[in-house]
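Just so you know, these numbers come straight off a predicted model, no measurement behind them. The analysis underlying the following values was restricted to heavy atoms, covering all of them including side chains, and did not include hydrogens, waters or symmetry mates.
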Amino acid sequence: MRLNKKANTDTLDIMKVLVIGSGGREHAICWALAQSPSVTEIICVPGNGGTAQEPKCKNIDPVLCSYITKPNTIRMYAEIAKQEHCSLAVIGPEDPLAAGAADILWEQGIPVVGPKKTAAQLEASKDTAKHFMQKYGVACAESTTFTDSVEAQAYIMKKGAPLVIKADGLAAGKGVVVAATTEDALSAVDSFMNKHTLGDAGTKLVIEEYLQGVEISILAAVSVTPESAAAGNACIVPFVPARDHKRLMDGARGPNTGGMGAVAPLPDVTPGQLAAFEKTILQPTLQGMIAEQMDYRGFIFFGIMLTAGGPKLLEYNVRLGDPETQAVLPLIDFDFAELCTAVTTGTLNQFKCVWKPGFVCAPVVVSGGYPQKYQKGLPVSLPKTNIPGTKIFIAGANIDRRTENGRLITSGGRVLAAAAYGTTAENAREAAYNLIQQIQFDGMFYRRDIGLPGAAESKEL
């Protein structure tokens with residue numbers, strides 16, 4: 001699968017790009033950047049087995065890199081960018097953003113696709129995000145924040161279930177409980193606040209009303225600074241809508257996961273619903289960013305529930321979603337590096353996102369036992385030839401340097417996404433599952449209903 005590049009090479013600067021992260025999302029970002037004629041090399045920190053084999057890409061493990069003085073700090077990213085002569089950085093995951101990696105890179109004169117630390121609190125703190133939504137009139141679920149477990153449990157007893165319990169801090173996708181019963185809600189509070197199962201992330205909780213509906217994801221590019229706001233150039237540009245499937249098993253059953261597959265775009269989402277999203281969620285978010293004088297140059301993820309009363313925002317992520325990115329980026333019909341440059345230079349309002357007609361289905365293949373205990377180090381067999389219209393995005397797999405040819409072995413629960421393009425949603429789905437049939441490792445597991453009309457979850461997660 002290749003992007004249809006529409007870049008003017010006469011106006012683009014030749015550049016090396018630093019990409020921070022090691023998941024499937026980062027592999028997709030590197031792949032999209034590599035399609036640009038303006039990009040000569042991509043430095044992935046630390047990258048994975050997919051980025052290690054992607055054209056133009058080079059992985060750097062900070063622990064093994066001789067010129068890095070402090071490999072366990074966010075300052076190492078600026079050190080690597082300087083040493084490798086990178087002129088742009090793209091930050092994939094939330095942790096370095098919340099820790100201020102973008103701030104440090106900008107201080108060193110390196111443009112960054114990723115919000116600065118203050119703006120990143122929209123994901124790093126659920127309480128901060130809810131206050132922001134309420135202050136600027138973003139359509140969302142009603143909620144109350146608690147720092148005392150006794151008060152939180154008393155509130156639950158009064159309100160009754162169902163409720164949604166959210167840890168305030170970053171918890172690697174484990175900080176949300178959709179409680180169907182009062183007992184489940186009380187147990188979640190006890191686990192997070194009294195037993196500290198999430199560490200400091202669970203010392204403050206946000207308890208929300210349960211929203212009934214169908215969930216969708218909208219990724220978007222953001223370019224907001226006080227300067228661009230003053231010039232009237234601040235903007236948020238949404239991408240095509242996508243849907244992640246969180247439950248482990250077919251029919252949206254079983255435990256929540258980091259994502260078992262994604263599809264894009266969504267035939268069941270109407271133009272009216274997208275217009276309502278822009279009016280009640282996107283525009284208030286933009287106005288709030290401007291009013292708060294945020295420096296937000298990067299991507300944003302809107303987690304949305306389509307309810308009978310209109311779209312409601314569930315959460316912000318201050319980066320591209322995973323695995324939605326693996327379904328959305330194969331649909332772009334523009335130069336991704338050019339988009340990233342527009343984000344950092346304040347010219348995003350002049351950039352036109354063009355999307356290929358058609359659909360992408362990207363089921364995720366996981367290790368046996370995921371999301372609980374699973375085995376690592378299993379050899380992965382992939383198709384020996386590239387299949388047109390498909391792309392395997394590696395997430396939890398690395399190159400085994402102990403072997404002569406550097407075979408691919410599993411290193412995480414979500415091993416890869418098998419993305420396939422089709423002119424219809426059914427064509428894309430059929431191609432994706434045909435691709436999976438050519439992938440093999442011991443204990444591999446995947447849902448078989450990603451892309452089917454009945455597979456969309458009708459619950460918050």
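- The ring pair (Phe, Tyr, Trp, His ring centres under 6.0 Å) test applied to Tyr446 returns no partner, not counting sequence neighbours.
- Salt-bridge check for Glu54 with Lys391: passed, with a basic side-chain N closer than 4.0 Å to an acidic carboxylate O.
- Looking only at distances, no side-chain donor or acceptor of Asn48 sits under 3.5 Å from a matching main-chain atom of Ala397.
- Thr225 and Asp295 form no side-chain donor-acceptor contact under 3.5 Å, judged by distance and modelled atom types alone.
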With side chain to side chain contact (heavy atoms under 4.5 Å, CB included) as the criterion, how do Met15 and Ser38 come out once you've worked through the C-alpha distance, each side chain's angles and the decisive distance to 0.1 Å? CA-CA 6 Å; Met15 58 184 170; Ser38 68; 3.9 Å; yes

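- When only modelled atom types and interatomic distance are considered, Glu324 and Ser217 share a side-chain donor-acceptor pair under 3.5 Å.
- Using modelled atom types, one side-chain atom of Lys56 and one backbone atom of Val39 make a donor-acceptor pair closer than 3.5 Å.
- Look at Arg407 and Asp400 and you find a salt bridge, because one of the NZ, NE, NH1 or NH2 atoms lies within 4.0 Å of a carboxylate O, short of that distance.
- Side-chain contact, Tyr374 with Thr410: no donor N or O sits under 3.5 Å from an acceptor N or O.
- Side-chain atoms of Ile236 and Met289, non-hydrogen and from C-beta on, do get closer than 4.5 Å to each other.
- Side-chain contact between Pro115 and Val222 is absent, with no heavy-atom pair separated by less than 4.5 Å.
- Salt-bridge formation is not detected for the pair Lys166/Glu315: no Lys NZ or Arg NE/NH1/NH2 atom is positioned less than 4.0 Å from an Asp or Glu carboxylate oxygen.
- For the pair Ser125 (side chain) and Gln121 (backbone), a donor-acceptor distance under 3.5 Å is absent.
- A distance-only check finds a donor-acceptor pair linking the side chain of Arg25 to the backbone of Leu320 [under 3.5 Å].
- No side-chain heavy atom of Pro311 sits under 4.5 Å from any side-chain heavy atom of Gln273.
- Using modelled atom types and a 3.5 Å distance limit, the side chains of Glu84 and Tyr67 yield a donor-acceptor pair.
- The environment of CG in Asn386 is sparse: at most 12 heavy-atom neighbours from other residues, nucleotides or ligands sit within 6.0 Å.
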